[in-house]
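For reference, the structure discussed in these notes is given below.
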Amino acid sequence: MFDLVPFGKRRDDAFGVLAKSLNEVFNDDFFAPLTSSTLSFRTDIRESEGAYLIEAELPGFKKEEIDIDYTSPYLTIKAVRKEENSEENKEHQTVRRERRYGEYVRRFYVQDIAEEGIRASLKDGVLSLEVPKRQKSQGKRIEIQDGGHSSDAQLQ
């Protein structure tokens, strides 16, 4: 007599929406900003025949705030920002004070590089690194000497 499908469907839709919202709340990593004190930054990595070329976007950082370290086999780029802004009124009372601290870190796994040849430059907020590859040995051809006793001759 009555078609209950639309009502059931509507109830399923409302329940589905509620279940979806609850799942989103509980599936989100709410504590991620609290557990991780490091942030990341964008990088572009290119490879040429003799080197890796890394460009990292670090706008607003001075070269003194950036640390580049290579401890085999990891190349680490770390930029630390410590910024404090303060405004005072005429009576030297603080009207507004803002502090911002952040550590931006990227770590790259690289092998067979010539660490003594790594070069870095910073221009317009872009850190450029040239990481030369270690030259692979070409090998050495070993000549076979005659069957004589050359080692006996040297001993006498």
Side-chain angles (χ1 to χ4, degrees), residues 12-13 15-88 92 94-156:
D12 287 342
D13 287 345
F15 181 73
V17 169
L18 178 64
K20 182 179 176 188
S21 339
L22 287 173
N23 281 337
E24 288 175 355
V25 168
F26 290 110
N27 287 336
D28 283 349
D29 194 0
F30 180 75
F31 294 104
L34 300 176
T35 57
S36 175
S37 63
T38 60
L39 304 168
S40 187
F41 49 87
R42 295 178 187 221
T43 58
D44 294 331
I45 302 171
R46 294 185 310 244
E47 182 178 8
S48 68
E49 191 172 316
Y52 297 103
L53 306 169
I54 301 170
E55 290 182 340
E57 294 180 6
L58 294 168
F61 283 96
K62 300 174 197 158
K63 68 179 186 176
E64 296 82 21
E65 298 172 323
I66 301 171
D67 183 36
I68 304 165
D69 179 54
Y70 179 71
T71 304
S72 184
Y74 293 102
L75 177 70
T76 304
I77 302 171
K78 180 166 86 171
V80 179
R81 171 165 290 156
K82 295 178 182 175
E83 187 176 305
E84 187 171 315
N85 296 325
S86 182
E87 292 181 17
E88 296 179 353
H92 299 290
T94 302
V95 175
R96 183 182 75 142
R97 182 180 219 170
E98 294 182 358
R99 291 163 298 286
R100 188 169 31 168
Y101 300 96
E103 186 175 277
Y104 299 80
V105 178
R106 289 293 301 265
R107 181 175 281 170
F108 304 96
Y109 180 83
V110 288
Q111 288 184 321
D112 296 327
I113 64 169
E115 60 187 272
E116 61 281 348
I118 298 174
R119 289 182 292 171
S121 63
L122 181 66
K123 183 178 179 185
D124 297 329
V126 177
L127 175 70
S128 298
L129 286 167
E130 183 177 345
V131 182
K133 296 178 182 178
R134 182 173 290 140
Q135 297 298 320
K136 296 182 178 172
S137 72
Q138 299 294 327
K140 179 181 175 185
R141 185 168 194 273
I142 300 172
E143 299 230 4
I144 302 172
Q145 297 184 3
D146 291 332
H149 294 57
S150 61
S151 61
D152 291 339
Q154 292 175 355
L155 291 176
Q156 296 175 358

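Residue numbers run from 1 in the order of the sequence given.
- Within the 4.5 Å cutoff, the side chain of Val105 has heavy atoms near those of the Lys78 side chain.
- Looking only at side-chain heavy atoms (C-beta outward), Ile68 and Leu129 come within less than 4.5 Å of each other.
- Across every non-hydrogen atom of Ala51 and Pro132, the tightest pair is CB-CA, 3.8 Å.
- Shortest non-hydrogen contact noted between Gln111 and Pro73 is CG-CB, 4.2 Å.
- Between atom CD of residue Glu115 and atom OH of residue Tyr70 there is a gap of 6.0 Å, rounded to the nearest 0.5 Å.
- Put simply, CG on Leu58 and CD on Glu65 are 10.0 Å apart, with the number rounded to the nearest 0.5 Å.
- Here Asp112 contributes atom CG and Gln135 contributes atom CD; the two are 11.0 Å apart, rounded to the nearest 0.5 Å.
- Contact detail for Ser40 and Arg106: the closest heavy-atom pair is OG-CD, 2.9 Å.
- Of the listed residues (Ile118, Leu75, Val110, Leu127), just one forms a side-chain contact (heavy atoms from CB on, under 4.5 Å) with Ile54, and that residue is Leu75.
- Between the side chain of Arg134 and the main chain of Ile113, a donor-acceptor pair closer than 3.5 Å is present.
- In this structure the side chain of Arg42 never reaches within 4.5 angstrom of the side chain of Glu55, judged on heavy atoms.
- Checked against salt bridge (Lys or Arg N to Asp or Glu O under 4.0 Å), Glu47 has the following partners two or more places apart in sequence or in another chain: Lys133.
- In this structure, the side chains of Ile66 and Leu122 come closer than 4.5 Å at one or more pairs of heavy atoms.
- Here the two rings, on Phe108 and Tyr74, have centers that are 6.0 Å apart or farther.
- In this structure, the salt bridge (Lys or Arg N to Asp or Glu O under 4.0 Å) partners of Glu130, at least two apart in sequence or on a different chain, are Arg119.
- With sequence neighbours left out, the ring pair (Phe, Tyr, Trp, His ring centres under 6.0 Å) criterion links Phe61 to Tyr104.
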